[in-house]
Amino acid sequence: MADRSKFLKSGSTVGLTCVPFSGGQPKGGVDDGPIEMIRFGILDQIEGMGYAIELSPGMDKYRTMRPASDPPLGRLKNPMYVSMAAQRVAEQVREHCAAGRMAVTLGGDHSIAMGTLVGSSDVYGDDLCVVWVDAHADINTPETTDSGNLHGCPLAYVLGICAETPQGDAPFGWIKPGCVRKDRLVYIGLRDVDSGEKMLLRKHNIKAFSMHDVDKHGIGRVVEMALDHVNPDRSLPVHMSFDVDALDPSVAPATGTPVRGGLTFREGHYICEAVAETGCLVAVDLVEVNPALGDPESLRQTVAVGCSLVRCSLGESLL
Ligand SMILES: NC(=[NH2+])NCCC[C@H](N)C(=O)O
Ligand SMILES: [Mn+2]
Ligand SMILES: [Mn+2]
């Protein structure tokens with residue numbers, strides 16, 4: 001298969017990391033996201049598109065590595081477990097990126113993106129652009145979070161905007177603050193942003209396209225403006241982190257923090273197609289599919305849409 005990427009030396013190999021992890025939020029079941037996508041056939045689907053798959057080993061370890069004792073850190077829940085799991089994700093994603101593979105990571109809750117972003121930025125450095133597709137901004141710091149759920153915080157750590165930078169063996173002490181540049185992050189799909197997060201977005205001048213912008217300009221213009229902001233010449237590598245709750249709950253009901261008024265089926269797919277079309281994509285996360293929430297039909301629908309977003313990111317619908 002022809003390499004569709006400007007940056008990957010093994011662009012016809014997908015480096016797949018499955019992360020059955022739910023420690024970044026309180027609802028069980030999101031750890032079964034990857035296995036349900038595998039049952040739905042994601043491996044055969046990716047191979048059917050002409051890719052080889054290199055699967056990260058030991059996915060069950062994410063379930064068993066929970067520390068015996070993990071007291072809250074201020075408001076943050078399961079800090080050590082989230083930190084350890086994300087650190088392992090970082091190693092697995094780094095290895096795929098270093099080998100020049102397209103790194104695809106299936107979650108699990110969105111706290112695992114601390115790991116995926118550290119892994120990809122270790123290899124691509126300052127050049128890395130991040131397109132964050134989500135109903136939520138996930139940029140809470142330990143100071144601003146109300147819920148204490150770390151899936152609402154991954155960006156604060158990688159951007160390095162927490163009031164105190166974790167050091168050494170402390171949870172998240174392994175994350176290089178600022179490994180993702182503030183001016184290379186852009187959001188699409190926001191509609192449920194906490195007041196502390198709004199303050200952070202303004203303070204750090206971070207570009208965001210909310211659902212209001214999607215309504216106003218249309219998804220085509222929004223994706224173009226988002227890419228123009230982070231990657232005007234389409235000359236830099238892009239990591240897309242896609243939270244399935246960016247989609248409207250009528251399209252992706254089985255997720256832990258659904259918010260009405262989201263992206264349509266086509267708008268979600270359009271984002272993946274347009275980013276794939278640039279040839280700049282080097283890493284994709286697909287997170288927050290929770291098969292335990294809702295009836296069997298909601299589950300089937302959500303797993304199916306998760307798989308098709310991944311396929312579109314790999315270029316399925318490009319002619
Ligand atoms: N990845 C997600 N679904 N995040 C939801 C975060 C919700 C809320 N902002 C919080 O910090 O708790
Ligand atoms: Mn979300
Ligand atoms: Mn999220």
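In this chain, numbering begins with 1 at the start of the sequence shown. Start at 1 and go down the list; that is how both ligands and their atoms are numbered.
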### Query
Distance-only, no hydrogens or angles: does the Thr17 side chain make a donor-acceptor pair with backbone N or O of Val93 under 3.5 Å?
no
### Task
Check Val89, Leu155, Asp138, Ile175 against Met114 for a side chain to side chain contact (heavy atoms under 4.5 Å, CB included) and give me the one that passes.
Ile175
### Task
Determine the sole option in Met80, Gln87, Arg88 for which the side chain to side chain contact (heavy atoms under 4.5 Å, CB included) test with Met84 is passed.
Met80
### Message
Distance check, rounded to the nearest 0.5 Å: Leu281 atom CG versus Phe7 atom CZ?
### Response
10.5 Å
### Message
Whether the Lys182 and His204 side chains hold a donor-acceptor pair (N or O, under 3.5 Å, no angle test) is what I'd like checked.
### Response
yes
### Message
For a quick check under 3.5 Å, do Asp134 and His136 share a side-chain donor-acceptor pair by atom type?
### Response
yes
### Query
Taking any residue with a non-hydrogen atom under 4.0 angstrom from an atom of ligand 1, which ones do you get?
His110, His136, Asp138, Asn140, Ser147, His151, Gly152, Asp194, Glu197, Asp243, Asp245, Thr257, Glu288
### Summary
Total protein N/O/S atoms sitting under 2.8 Å from the Mn ion (ligand 2), waters ignored, is 5
### Task
Give a yes or no on whether Val238 and Val158 share a hydrophobic cluster (residues Ile, Leu, Val, Met, Phe, Trp, Tyr; joining criterion: side-chain heavy atoms under 4.5 Å apart).
yes
### Query
Hey, does the side chain of Ser121 reach the backbone of Leu117 with a donor-acceptor pair shorter than 3.5 angstrom?
yes
### Task
Decide whether Thr255 and Asp245 meet the rule of one side-chain donor and one side-chain acceptor closer than 3.5 Å.
no
